[in-house]
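Note that ligands are numbered from 1 as they come in the structure, with each ligand's atoms numbered from 1 the same way.
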Amino acid sequence: MRVLLTGGLGYIGSHTAIALSAAGHHVLIVDDLSNSHREVIDRIEALSGCTMPLLVADVRDEVALLGFLHDHGEVDVAIHFAGLKAVAESVANPERYYDVNIGTTLALLRAMEAHGIADLVFSSSATVYGSSKSVPHTEASSVGTGIANPYGKTKHMIEEILRDACAANPDLRTTALRYFNPVGAHPSGMIGENPRGFPNNLMPIVAGVATGERDEVTVFGHDYSTPDGSGVRDYIHVQDLARGHVLAAEYKSKGFEAINLGSGVPSSVLDLIRAYQEVSGRNIPYSLASRRPGDVAVSYADVVKAERVLGWKAEHTLLEACRDDWAWQQATARKPLP
Ligand code: NAD
Ligand code: UD1
């Protein structure tokens with residue numbers, strides 16, 4: 001198949017590009033480099049042994065996108081990774097988040113219609129479950145209530161837009177993959193999470209302490225009703241996510257469908273710190289602090305649907321994700337290509 005990846009040079013997109021190529025698919029990428037680096041294409045091509053056409057442009061630049069699709073022949077499936085994802089920034093600048101996240105989705109839908117592309121896979125998030133306490137979250141759990149920030153709201157709104165678009169157009173098939181907490185890196189150490197700004201998700205912060213860039217981890221919350229009092233999440237190896245995207249791209253959904261991609265294993269903040277400490281052999285000091293506003297105590301996935309519908313199940317453990325992330329941090333993270 002020929003697969004268009006918007007945001008294909010980003011963290012999850014770059015791993016997916018390699019996985020798609022390994023599965024025999026042809027990959028085309030559009031990315032505006034707003035949160036990625038041009039050299040990632042060299043690394044993806046080196047690791048996959050394939051050339052991938054790249055358009056450096058905003059997905060909302062419809063002239064550029066249509067021209068790219070016209071020049072590179074038919075596309076069977078689009079995977080829409082492109083978007084902004086920094087939660088705190090979305091609180092400070094909500095208009096930008098609604099503009100980019102929703103605007104790219106609408107522009108992509110128009111381009112798909114113009115080029116007869118019927119299948120879409122969308123990067124949704126467990127954030128759509130908001131304050132729902134029905135853990136593990138199944139795809140039937142309530143969504144949209146208590147979402148604490150504009151970033152999360154855009155994910156819920158986009159799901160609704162795609163549901164309506166599928167209802168109006170029986171030819172359109174959309175799978176919204178609700179990722180839980182993506183972590184880890186490619187086992188080669190050549191690609192991993194490398195955002196332009198400062199990360200505010202847990203693993204890159206823990207990694208920063210292990211590498212000596214930060215002094216300690218601040219653990220937000222130690223009085224939750226969880227086994228050790230810290231917050232509990234479902235950390236999913238990015239390589240497992242990438243494989244999930246290959247299967248979702250090959251799957252023909254019935255109209256709009258949402259599918260969780262998580263490990264199904266609940267792990268606490270302190271579990272992650274301990275695992276990273278073990279693989280890195282570095283001491284990772286932490287201090288206990290008050291809860292972060294907007295956080296839920298526990299979030300993890302019910303993964304029955306992914307296995308039933310896609311035949312997908314996470315294969316990697318949190319320890320393996322920490323090991324691969326540590327290899328990436330030591331080898332090439334934030335350094336130019338050798
Ligand atoms: P990322 O920032 O690494 O990748 C996104 C890519 O999209 C970047 O390369 C960026 O340059 C590009 N991009 C942004 N705006 C664009 C635009 N207007 N036009 C073209 N390209 C644009 O993020 P990621 O972690 O790989 O996440 C991919 C998707 O998955 C995002 O939609 C994100 O919201 C979603 N998601 C991520 C997580 C996570 O924790 N990483 C969790 C749930 C959902
Ligand atoms: C965050 C976002 C969510 C997004 C998800 C995946 C918020 C409120 N939510 O969720 O919208 O979809 O990432 O990208 O930001 N933690 C610490 N110290 C830190 C950082 C985090 O203790 O310095 C804790 C958090 O309190 C939480 C856990 O680590 O218990 C995971 O945090 P994080 O990586 O930010 O992910 P989420 O909270 O799940």
What residue and atom, counting heavy atoms only, is the protein's closest point to [atom], and at what distance?
atom: atom 33 (P) of ligand 2; value: Arg292 NH2, 3.6 Å
atom: atom 18 (N) of ligand 1; value: Asp58 OD1, 3.0 Å
atom: atom 22 (O) of ligand 2; value: Phe220 N, 2.8 Å
atom: atom 25 (C) of ligand 2; value: Asp295 OD2, 3.4 Å
atom: atom 2 (O) of ligand 1; value: Asn35 ND2, 2.7 Å
atom: atom 36 (O) of ligand 2; value: Asn181 ND2, 3.1 Å
atom: atom 34 (O) of ligand 2; value: Leu202 N, 2.8 Å
atom: atom 22 (C) of ligand 1; value: Asp32 OD1, 3.1 Å
atom: atom 9 (N) of ligand 2; value: Val87 CG2, 3.9 Å
atom: atom 26 (O) of ligand 1; value: Ile12 N, 2.8 Å
atom: atom 24 (C) of ligand 2; value: Val269 CG2, 3.6 Å
atom: atom 39 (O) of ligand 2; value: Arg233 NE, 2.6 Å
atom: atom 3 (O) of ligand 1; value: Tyr11 N, 2.9 Å
atom: atom 9 (O) of ligand 1; value: Asp31 OD2, 2.6 Å
atom: atom 28 (C) of ligand 1; value: Phe81 O, 3.6 Å
atom: atom 7 (O) of ligand 1; value: Gly7 CA, 3.3 Å

His237 and His316 aromatic ring geometry - parallel, tilted or perpendicular at 30°/60° bounds: tilted

Crowding at [atom1], [X] (>12 non-hydrogen neighbours, <6.0 Å):
X: Glu113; atom1: CD; answer: no
X: Asp215; atom1: CG; answer: no
X: His222; atom1: NE2; answer: yes

So, regarding [X] and ligand 1 (criterion: nitrogen or oxygen to nitrogen or oxygen, under 3.5 Å), is there a contact or not?
X: His80; answer: no
X: Val59; answer: yes
X: Arg60; answer: no
X: Leu84; answer: no

Inter-residue atom distance Ser230.OG - Tyr286.OH, 0.5 Å rounding: 8.5 Å

Atom pair CG/CG of Asp61 and Leu66 - distance to nearest 0.5 Å: 9.5 Å

Need the ligand 2 atom indices (1-based, order shown) with element for anything under 4.0 Å from a heavy-atom of [X].
X: Tyr235; value: 28 (C), 31 (C)
X: Gly231; value: 30 (O)
X: Thr218; value: 17 (C), 18 (N), 19 (C), 22 (O), 23 (O)
X: Thr127; value: 11 (O), 12 (O)
X: Val219; value: 22 (O)

For [X], is the nearest heavy atom under 4.0 Å from an atom of ligand 1?
X: Thr104; answer: yes
X: Gly103; answer: no
X: Lys155; answer: yes

Tyr251-His245 aromatic ring centre distance below 6.0 Å: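 No.
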
Show me which atoms of ligand 1 lie under 4.0 Å from any heavy atom of [X].
X: Ser36; result: 8 (C), 9 (O), 11 (O)
X: Ser124; result: 43 (C), 44 (C)
X: Leu9; result: 9 (O)
X: Pro182; result: 38 (C), 39 (C), 40 (O), 41 (N), 42 (C)
X: Ser34; result: 10 (C), 11 (O), 13 (N), 14 (C), 15 (N)
X: Leu33; result: 11 (O)

Ligand 1 versus Ala126: contacting region, heavy-atom distance under 4.0 Å: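 The answer is neither.
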
Part of Thr127 within contact of ligand 1 (heavy atoms, under 4.0 Å):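 Within the 4.0 Å criterion, Thr127 makes no contact with ligand 1.
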
Test item: protein heavy atom less than 4.0 Å from atom 13 (O) of ligand 2: no

Under-4.0 Å heavy-atom contact between protein and atom 5 (C) of ligand 2: no

Evaluation steps, side-chain hydrogen bond (donor to acceptor under 3.5 Å, both in side chains), between Arg178 and Tyr129: CA-CA 9 Å; Arg178 294 175 179 163; Tyr129 294 115; 3.0 Å; yes

Identity of the nearest option to atom 33 (C) of ligand 1, non-hydrogen atoms only, from Tyr179, Phe122, Phe180, Tyr151: Tyr151

Winner among Met203, His37, Lys85 once heavy atoms are compared against atom 23 (O) of ligand 1: Lys85

Is there a donor-acceptor pair under 3.5 Å between the side chain of [X] and the backbone N or O of [Y]?
X: Arg2; Y: Glu74; result: yes
X: Ser48; Y: Ile44; result: yes
X: Asp234; Y: Gly262; result: no
X: Asp324; Y: Gly184; result: no
X: Ser268; Y: Gly231; result: no

For the student: nearest non-hydrogen atoms of Tyr97 and Ala86, plus distance: OH-N, 3.1 Å

Audit row: Thr211, Gln329, side-chain hydrogen bond (donor to acceptor under 3.5 Å, both in side chains) steps and yes/no: CA-CA 8 Å; Thr211 57; Gln329 297 293 339; 5.4 Å; no

Electrostatic pair Arg60-Asp99, nearest N-O below 4.0 angstrom: yes

Heavy-atom side-chain proximity of Leu28 to Val75 below 4.5 angstrom: yes

Test log, rule side-chain contact (heavy atoms from CB on, under 4.5 Å), inputs His137 and Phe180: CA-CA 10 Å; His137 296 299; Phe180 280 68; 4.0 Å; yes

